[in-house]
Amino acid sequence: MNFLDDLNPQQRKVATTTEGPILVLAGAGSGKTRSIIYRTAYLINVKHINYYNILVVTFTNKAARELKDRLERSFNISAYSLWIGTFHSVCTRILREEQEFLPFTANFSIFDDVDQKSIYKKIYKKLNIDPKDFPQRRVASLISNQKNSLILPKDFFDFNEENYFTETTYKIYKEYQKFLLENNALDFDDLLMYTAILLHDNKVLRKKYADRFKYVMIDEYQDTNYAQFKIINLIAKEHQNLCVVGDDDQAIYSWRGANIRNILNFEKDYKNVLTVKLEQNYRSPKSILDAANCLIKNNSERHPKELWTDITSKEKPKLIKLENEKQEAEFIAEMVSQLTSSGTSLNDCLILYRTNAQSRVFENAFYQHKLKYQIVGGVNFYQRKEIKDIVAYLRILVNPQDTNSFIRIINFPPRKIGKVTTERIERFAEDNNMTLFDAVQNEISTLNGKTVQTVMEFGKLLKKWKNLSLEIPITPLVKKIIDELKLIDIYDDSDDPKDIARAENLKEFVTATQEFSDNFEYDTEKAPMLTDFLQSISLQTDMDNVDEDIETVKLMTMHNAKGLEFDHVFIVGVEDGLLPHSRSIDDVEKFEEERRLLYVAITRAKKSVHLTYTRMRQVFGSISMAIPSRFLMEIDNDLIEIENNRYYDLMAPRPKRRNINKKPVVTENQKYFKIGQKIYHSKFGKGIVLNVDGTGKEAKLSISFSGGQLKKIIGTFVTMGEK
DNA sequence: AGATGCCGGATTTTT
DNA sequence: TCCGGCATCT
């Protein structure tokens, strides 16, 4: 078979060594996805292995989809019958299949951290715990660690010493798990934990999955945690046909329980491991790679390797100092707009920052420059209020035990069922040992005359939709629910720009159901129903919602950039306290992880890298002096180019900004009007700015007035503020 | 029941 | 700076 000629010798070794354990140490851009694809194709097309016997685990849904697409396009392998997915999606699939061995049913809900937060709140109240003494974040993180280490509440003190913090955490953990089971719900960690425990405790099932998945491949192995290690180990221990691919230099998820030792110790965990190193980089020029290598070699614990490349370019990574974060954003926007005017697509530009909070100034700057942008991550689409509301309705129809969702929507949109009534319904449900869903089907005598009817009407409504959900596909169902609840109308009628965005998001949601349906029908030739849709969305990330059809600059955290590549990469806020983050500075392991994060960021670039830092930065509303990241000192001087003309010295008068763009110099005036600004007009009264077209006070404003009118007015005719 | 307004705490990163 | 939670008022 000559399709293997596309690979270099090491990659070919990976693709063709199908039996026994392989560790592939694949540097950034060394073609590891390619190796996995060719290996899969080799298994199927050459070795004639049944589709059914192959399991491929990726780090994101997006990576899984790309893998499937490429297998289909290049090798005509229909990916539908292949198990390719993230750990979480694979586990979900297994758990739904094996409900008879589990303490929950196949239609369980998956709770995200918004749900999680409200559960914790409830438990704190019930157990009378003060969140000030036991910060929810800290407790949740400890509990999450337990789950990732497969420690159930009953085993808690076998692994944790007893002190005032763990005592309480234990109580919360126990209560939390109880609540989830009562709701027939699992959180992200549970998906892994229950799967691992299931395979561990049940010999028959273990054999079933070991027999089914005769060939297992894991991508991004450096970022697996103990539960994930265990799941794979239980499946592959016998046949040992396991290929793991990863790069210890790109391990950036230890805070999520990922254990870098999984990859460092692979050779000890399995026998006669074949180790293959992929060190040729096909992505970045030498000038960029040299800087990255120079940085990462400062880490102590790593598999020794050095990336090299054939690609040459004179362009070294550039380092630019700016006055503050606004100037930083402004500078980047100018750079991007310069690139686009010389023919570069916005799609080839990537902005990377350490924390989501940094994205805001860039939004403003890109908006001003009329550059289309997309923020990936931050608040996930499915975590937005309006989306969670409609999803809560959908969840209840599938899983009536989901009281969390039930409470969320019992009075949304407002139907005059308040706190007192809700409590009475809950009491009634408890007394009669039924779900809230069933409770509201009854005439509850403890309620007031009118309220009884309201509640029953609500119950009937849910019942009606539940029946409907079994008959009609997801899209018409969602349309009908949104319609009957007038969800979009609620927001459309408002003059708050946030509400207008909400209305847009709901429409977007309907589109999402349609897209899902199209794919689902294509893949399975079945009608896309509610349960299918719900299963697909709970594990979706923002990355999966990136619209590839519009040209946009992408903005994301460095964590989100894993596995991606772009021509031009701008890494911003390269300052001590931000990168390395202040919370990681005094712990060696965390500190090295920060270094890897910068390494990942730099190695995304195919053509150019710009690193920026500021002289001072606003944090929490107060301004503080910024210190250039200590990582910058680790990169040899001759590997990086410093742009001096943008260096604003503390004492020196601020140099005039070089006009690198055809557009006029940006003045403060340009930021005079902002979206959401409250204004006053002598004739129309109070209003809110919905859009700003142009610069300064003369900008053309789209204004929504409190009287209901929507007008376009020149800025000079209105005053800022309410009067 | 719903609207308004004040206070206090939060920012690391995500499936 | 902003957001959410809570108290208070209508």
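Naming: A, B, ... by sequence-line order, numbering from 1 per chain.
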Test applied, salt bridge (charged side-chain N to carboxylate O under 4.0 Å, His left out); reference residue, A:Glu593; option that passes from A:Lys590, A:Arg595, A:Arg596:
A:Arg596
State, without any angle test, whether A:Glu220 and A:Gln222 hold a side-chain donor-acceptor pair at a distance under 3.5 Å.
yes
With sugar-phosphate taken as primed atoms, P, OP1 and OP2 and all else as base, the protein-contact string of nucleotides 2-10 of chain C at under 4.0 Å (heavy atoms; B, S, -) is -S-------
Just by distance, with hydrogens left out, do A:Asn299 and A:Tyr599 show a side-chain donor and acceptor under 3.5 Å apart?
no
Would you say the rings of A:Tyr120 and A:Phe134 are close, in the sense that their centroids are separated by under 6.0 Å?
no
Can you build the contact string for nucleotides 8-15 of chain B? Use B for base contact, S for sugar-phosphate-only contact, and - for no protein heavy atom under 4.0 Å.
-SBBBBBB
Within the 3.5 Å criterion, strictly below it, is a donor on A:Asn184 or A:Asn107 matched to an acceptor on the partner's side chain?
yes
Rounding to an integer number of angstrom, what distance separates B:dT13 and C:dG4 when you compare their P atoms?
16 Å
Residue pair A:Asp223 / A:Gln250, side-chain donor-acceptor N/O under 3.5 Å:
no
Could I get the full list of ring pair (Phe, Tyr, Trp, His ring centres under 6.0 Å) partners for A:Phe631, not counting sequence neighbours?
A:Phe591
May I ask you to check whether A:Trp255 and A:His559 place their ring centers less than 6.0 Å from one another?
yes
